[in-house]
Protein chains: 2
Amino acid sequence: MASIKDVAAEAGVSVATVSRVLNDHPSVSPDARTRVMAAVQRLGYRPNAVARSLRTDQTRTLGLVISDVLNPYFTELARSVEEEARSLGYSVIIGNADERPEIEDHHVRTLLDRRIDGLLVSPTDGGSPGMLDAARAGTPMVFVDRWIAGVDVPVVRADGRTAVRDLVAHLHGLGHRRLAIIAGPAATTTGSERVEAFREALAAHGLALPDAYIGQGDFQAESGRRATERFLDLAEPPEVVFAADNLMALGALDAVRARGLRVPEDIALAAFDDIPWFVHTDPPITAIAQPTGELGRAAVRALVDRIEGRPPQSVTLPARLVVRRSCGEPPPVRTTPVQPPPEQPTPPEPTPAQQSPVQRSQS
Amino acid sequence: MASIKDVAAEAGVSVATVSRVLNDHPSVSPDARTRVMAAVQRLGYRPNAVARSLRTDQTRTLGLVISDVLNPYFTELARSVEEEARSLGYSVIIGNADERPEIEDHHVRTLLDRRIDGLLVSPTDGGSPGMLDAARAGTPMVFVDRWIAGVDVPVVRADGRTAVRDLVAHLHGLGHRRLAIIAGPAATTTGSERVEAFREALAAHGLALPDAYIGQGDFQAESGRRATERFLDLAEPPEVVFAADNLMALGALDAVRARGLRVPEDIALAAFDDIPWFVHTDPPITAIAQPTGELGRAAVRALVDRIEGRPPQSVTLPARLVVRRSCGEPPPVRTTPVQPPPEQPTPPEPTPAQQSPVQRSQS
DNA sequence: CTGAAAGCGCTTACAG
DNA sequence: CTGAAAGCGCTTACAG
C-alpha cells in the first residue's frame, strides 16, 4: 500500500508538503497542490488512519457500548448513533455487552486501548468496574438510555413517567385493578425507574403494587416468560402484565400462549419500547414508545461537544403511549379505504385539539 | 495516560524489556518480569493499540459491512460475528450500508483506512466500486449471505433451495396454485436466487411464475407493502405471497391488513428469514429459517484463516422450512401441559424417523 | 511556500 | 537476558 513517502516521491515534493495538501493547510502553492493531487490519484493513495491517530492523538472514533444488540430498541439506537456520528465526521465502534458486566468491561477496555475519542454507554446492571474507572479518569463519556447515579457524566434519555401514567389511566379506565410489572434489573436505572413510575401511577388511582406483582426480569425474553408463569400461578393472578421492555413482552406472550390463555380476554399485556412488530402481533400490543432516533442523535451531539471542548448537555425527551388492543380496548373504529390514505407526517406540534398525551396507533 | 516509557522508568528497565514482558517473550528474567508487572499495576498501564498496530501492521480488527442492521437477520449475524471474533482475539467494527452502495463504499474505505485485518461483506445491490477494488487488491475478504459473481472471494451462506422446494410443496398441498413472490434487488444474489429457487420449485409442480406475480422489492418493509398492493390490484390476485425477507413480509402484512383482508383466509403469506416475532404475529408466519449464528461463526473462521495464512473455505449451510399458520394450515394439534416441558436441545443429527426436511414449529 | 527533523508509542533485529 | 536504536506513517513547529 502506497505511503506518504511514495506520494512525495511521485509528486517531487517533501512528505511535509503532501501532508499539508491532504490536510488543506493554506500555505501550499497551487502548483504543488496540483502535483500532489495527481500523484495521490495515480497511486490510489489513502492516508493511514492508524499513523495519523498516533501522531495527532485523536482517532475520530466513538465507542458505543450497549447492553443488548438483539433488542430492536438498541439496534435502532445504534443505527441513529452511527448516522449522526458519520455526519459529524466520526466513526463508531459498537460493543455489545449482552447485559453482562464482564463483557461490558471487555468492550470498554478494548475501546480505550484503541484510543477512541469518546464513549457512549448504556450501562448494564450496576455498570462494570472498567466503565466506572474510565468515567472517573475523565474519558469523554455520555450515558444513553440508562445511567449510573453519582457518576458525573451527561445523560441522554427518555422520561417515561408521563407515558406510564397515561398507560395506568388507560388500564384503569378499562376496569383493570390488579396490575403487575415485569421489571428490569434493579441496578439499571431503567429497571428501577419504570417500576417506580408504575407504582406512583397506581397510587394516584388508589391502587397498590404488591411484591407478588413485581416480577424480576433481566430485559431478556426468557425472564419475561418465567415472571409471567409465576404471575399465572398466583392464587389471584394479575389482570394486566406490563413488561419493562419489548423482549420480556415477547416472553410474556410465549408464557400466556403456552397456557392456552388469550390476550387480552384472559390477561392484558403492555410493554415499554415500541417496535414495528407490535402492530402485527396477536393482538397488537399497547406500548410506550421512546423517541429512539432522536435520543441517539442527541447523545452523539453531547459527546462530540464534550470531545471538542464545548459544554455537553444532558437531554431528557418524553416517551409516549401508543394504545393498541392488548389491554382490552375494542379495536378502533376505522373505515377501510380501497386506496390507503397518503402517508401523513406527524405534525411537529400538537394543536390544541390533540393535546391528549395518549396517542392512538395508526394501525 | 501512562506510556511504555513510564512503565520502564517505574520498573527500572528499558522499554524493550517492558515490551517483551507484555508480549510474553520467553527471554525475560523472572526478576524483570515481576518488576514490570508491578509497575504496570501501579500505573494502571494499558498498551496503546494504535501504536502497536502501526508498528506490527496488524490491528486485530475485522470489518463487517452489512446491508441493513435494522433487519433482525443481520443483527443476529452481526452478533454471532462479534462473538466468534472476540473468542479468536479480534474486535469487529460494523458498518451499516442501509442497502445503499454509496454508504457501503464509505464504510469500506473508512475500514481500509483504519487498516482492519480483514473484511466481511454482505454486498448491497451489485456491490460498490470501493468494495470491488478492495477485493481485487487482495484485501482479505469473505462474503456472508450475499456474494458477487466473478469476484474471487470465499462465500459463507445458506442454501435455501431445498427449503423453498419444501415450502412450495407445502403450499401446493394446501391447494394453492397462484403463488407470487416479492423479490429482493435483482443484483443481489439473495434477491435473484430466491426467485429462481421459487420458480424451479413451482415448475416441479407444473406451475408457472408469471411476471405479474414477481414483485420487485428492495428488502425493506415499504417495498413489501407496495408490491403486495400491486398484487391485490390484479384482476386475478395470487393466493399466496412469499416475501424474500422478513421486513418485506412485515410490509405485506401491513398492506393486507390495510385492505381489511385476512391471512390466511383471503391470502396466504410466507417469508424468507425466520425471526422470534413470527411466532406471535397474527397469524404466526410460516418462514424459512437460516442457521444465522453458524453462518456468522463460519464466516469469521474463514476470514481469520485467510488472514493468518491458512486456506479459507467457502461454506454453504442448509436453510429449513418452519411451518406455522399463515398459509392456511390448521393449527398443529398440541396438548397444553400445565408445566412447560423442559428445554430439549435439538439432536445433533436427525434420526431416520425425522428425516423429513419439513420441520414443524414448536409453538 | 517548502523541507529537514523530531516525535507520537510501540516492536524487534542486532550486538553484547 | 538486556538495552540502544531503527522504524512503522504520519503531523507540525522551526528555520529558511
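Every chain is numbered from 1 and lettered A, B, ... according to where its sequence line falls, protein lines coming before strand lines. As the structure is a prediction and not an experimental result, all values here were calculated from the model.
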Specify the separation, in whole Å, of atom [atom1] of [X] and atom [atom2] of [N].
| X | N | atom1 | atom2 | value |
| --- | --- | --- | --- | --- |
| Asp31(B) | dC1(D) | CG | C1' | 11 Å |
| Leu43(B) | dG9(C) | CG | P | 13 Å |
| Asn48(A) | dC10(D) | CG | C1' | 8 Å |

So, [X] and [Y], do they make that salt bridge, N to O below 4.0 Å?
| X | Y | answer |
| --- | --- | --- |
| Glu104(B) | Arg109(B) | no |
| Arg301(A) | Glu294(A) | yes |
| Arg157(B) | Asp145(B) | no |
| Arg115(B) | Asp57(B) | no |
| Glu83(B) | Arg100(A) | no |
| Glu102(B) | Arg86(A) | no |

Exercise for the section: Give the dot-bracket string for DNA chain D, reading 5' to 3', where a pair is Watson-Crick or G-U wobble with both distances under 3.5 Å, ( ) marks pairs inside the strand, [ ] marks pairs crossing earlier ones, | marks a partner on another strand, and . marks unpaired. Expected result: |||.||||||||.|||
Exercise for the section: Ignoring backbone atoms, establish whether Ser3(A) has a side-chain N or O less than 4.0 Å from OP1 or OP2 of dC8(D). Expected result: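 It does not, given that no N or O in the side chain of Ser3(A) lies less than 4.0 Å from OP1 or OP2 of dC8(D).
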Problem - Sorted by number, the residues of residues 53-63 of chain B with heavy-atom contact under 4.0 Å to DNA chain D - result: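 Correct list: Leu54(B), Arg55(B).
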Exercise for the section: Please check if any side-chain donor atom of Thr124(A) sits under 3.5 Å from a side-chain acceptor atom of Arg146(A), or the reverse. Expected result: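 Per modelled atom types, Thr124(A) and Arg146(A) side chains form no pair under 3.5 Å.
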Handout entry: Residue whose nearest DNA chain D nucleotide is more 5′ - Arg52(A) or Pro30(B)
Key =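 Residue closer to the 5' terminus by nearest nucleotide: Pro30(B).
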Practice task
Mind listing the residues from residues 15-25 of chain B sitting with a heavy atom below 4.0 Å of DNA chain C? Number order is fine.
Solution key: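 Contacting residues: Ala16(B), Ser19(B), Arg20(B), Asn23(B).
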Exercise for the section: Could you work out which one of dC10(C), dC1(C), dA4(C) sits closest to the side chain of Ser14(A)? Expected result: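 Closest of the options to the side chain of Ser14(A): dA4(C).
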